[in-house]
Amino acid sequence: MQRLESAGARAVMERLAAAGYEAYLIGGCVRDSLMGRAPHDWDVATDAEPEAVLSVFGGQRVIETGLKHGTVTVLCGDEPVEVTTYRVDGEYSDGRRPDGVRFTRSLREDVSRRDFTINALAWNPSEGVLDLVGGEKDLEDGIIRCIGDADQRFSEDGLRILRALRFASELGFSIESGTKAAIFRQLPLLGRVSEERKTSELLRLLCGKNVLSVLEEYAEVVFALIPELRPTLGCLQNNPYHCYDVWNHIIHTVENIEPDPLLRLTMLLHDIGKPAANEASGIFFGHPEEGAKIAAGILERMRLDRKTQKTVLTLITVHDVKIPPDSRAEVRRWLGRLGEENLRRLVKIKFADNRAKRPEVWQARRPGFEALSALAEEVIASGCCCRLDQLAVDGKDLLSIGIPAGEALGQMLESLLGRVISEELPNEREALLCAAREALPQIAKPF
Ligand code: ATP
Ligand code: MG
């Protein structure tokens, strides 16, 4: 604890204590510190009401983050410390958020409205850890357990279902059996939670170290969020490359890629088109395009930003393209089409995808993907011409030597680019103009 405690949070607690108030670090920061993880943020709980907190920190920079909910952010240097008055949530009439909050003088009451025992530990320098709900033991045992009646806690806020899975995935914990049973009973409650909150939890769940076993055990929860994935479960791949059905293949690919939200989401959706695609001898023709169509609706529903939506759809569409690892020209073409960042992503996707096939297939293909990765890096580093805007001539140059404007001009530029990429021509102005002049009679020929 000592090791990870923040100077700012300590100063805030001391100041509140000196003014006669209770003050504890609470929630995620205590949990993470006890586990030896660096907390994202420092939350202090106090019995002082917001106005009193404001007056205690009078001379200091404070942000009135959510006065109504009892939260004031105190800036200690650059370090923000959230100070929240002990509170009890009002009724959850809509299953999303409390109708109101009531401040309380009792830490016990504040702790009882929190979601899981491991998130309800309090700490301060004079008393050490204060554990009112058995959170320390659950933290030691690696268990996520609702505080109080699990069904009721999920029905107050359906997001807690996803938070339970997210913590299981991030921390490598298991969900206590009563809490688990309530999750499956209360799944329809997810329908009442806002898409933005669900998306943010799902992305964090996908990036957790324990994602594979969470997706395996809680597939039904993922299908409640993304029903379009359900047909992948039990969708058999009767070909020599695969050893899993589509769903089980997908979840292994998710684990195989680095924990970046965009890449993990791409893997979750990359084969979503397989059940609907035209299957012949275990090959799902057109599944990337079919998948991109289905994914478009899902990404929109998830309220992801436009750029992320577009990138994920591009990557799903191209995930199965074959790029020969010994063809510089093909790598240049793909670099031109996708750009550096997405070509690198595509290579990572190919690794993740193929590592989730039969071990023999992966073993046989691995050297090829390693060669592809090295060649892609080499081509990127060389800065060689892969796109029209890198070509040593442009439309104006071609017009000036008599190439007519319009379609012919565009075709000529594309043809020159193709010849530069295949190394038939150098990317040099004179050589390109000369080649264009040579081709001019064919263009000028009337059909
Ligand atoms: P992290 O910061 O890694 O997301 P955290 O536990 O700090 O984890 P926050 O969302 O920052 O999560 O919430 C801080 C604390 O507030 C939690 O530890 C928990 O005690 C409480 N809390 C947050 N969300 C809920 C919720 N939906 N229902 C009940 N309590 C919650
Ligand atoms: Mg937090």
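We count ligands from 1, going down the list as the structure has it; atoms in each ligand are counted the same way. Residues: numbered from 1 along the sequence shown. Predicted, not measured: the structure shown is a model, and the values here were computed from it.
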Mind checking whether [X] has an N or O less than 3.5 Å away from an N or O of ligand 1?
X: Arg204; answer: yes
X: Arg160; answer: yes
X: Asp43; answer: no
X: Gly28; answer: yes

TODO: For Lys68 and Val101, work out which heavy atoms get closest and say how close.
DONE: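 Result for this residue pair: O-CG2, 3.6 Å.
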Task: Protein N, O or S within less than 2.8 Å of the Mg ion (ligand 2), waters excluded - done: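 Result, waters dropped: Asp41 OD1.
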Task: Set of ring pair (Phe, Tyr, Trp, His ring centres under 6.0 Å) partners for Phe184, sequence neighbours left out - done: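 Phe184: ring pair (Phe, Tyr, Trp, His ring centres under 6.0 Å) contacts with Tyr218.
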- [ ] Classify the ring geometry between Tyr244 and His252 as parallel (under 30°), tilted (30 to 60°) or perpendicular (over 60°).
- [x]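 Plane angle under 30°, so parallel.
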Task: Parallel, tilted or perpendicular: ring planes of His319 versus His270, cut at 30 and 60 degrees - done: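 His319 vs His270 ring planes: perpendicular.
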- [ ] Would you kindly say whether Thr253 and Asn256 are connected by a side-chain donor-acceptor distance under 3.5 Å?
- [x]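 Per modelled atom types, Thr253 and Asn256 side chains form no pair under 3.5 Å.
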Task: Polar side chain donor-acceptor pair, Asn427 to Gln390, under 3.5 angstrom - done: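 Not at all, the side chains of Asn427 and Gln390 share no donor-acceptor pair under 3.5 Å.
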Task: With Glu109 via salt bridge (charged side-chain N to carboxylate O under 4.0 Å, His left out) - residues at least two apart - done: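 For Glu109 the salt bridge (charged side-chain N to carboxylate O under 4.0 Å, His left out) partners, ignoring immediate neighbours, are Arg102.
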- [ ] Assess whether side chain to side chain contact (heavy atoms under 4.5 Å, CB included) is satisfied between Phe154 and Arg185, documenting all intermediate values.
- [x] CA-CA 10 Å; Phe154 291 133; Arg185 276 194 297 272; over 6 Å; no
TODO: Select the closest option to atom 9 (P) of ligand 1 among Glu156, His40, Arg163, judged by heavy-atom distance.
DONE: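 Looking at heavy atoms only, the winner is Arg163.
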Task: Contact atoms of ligand 1, heavy-atom distance to Phe167 under 4.0 Å - done: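 Near Phe167, the atoms of ligand 1 are 6 (O), 8 (O).
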Open item on the list: Going by side chain to side chain contact (heavy atoms under 4.5 Å, CB included), name the residues that satisfy it together with Ala329, two or more places apart in sequence or in a different chain.
Closed with: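 For Ala329, the residues satisfying side chain to side chain contact (heavy atoms under 4.5 Å, CB included) (neighbours in sequence not counted) are Ser327, Arg333, Ile421.
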- [ ] Have a look at ligand 1 and work out which part of Arg114, if any, has a heavy atom under 4.0 Å from it: side chain, backbone, both or neither.
- [x]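 Answer for Arg114: both.
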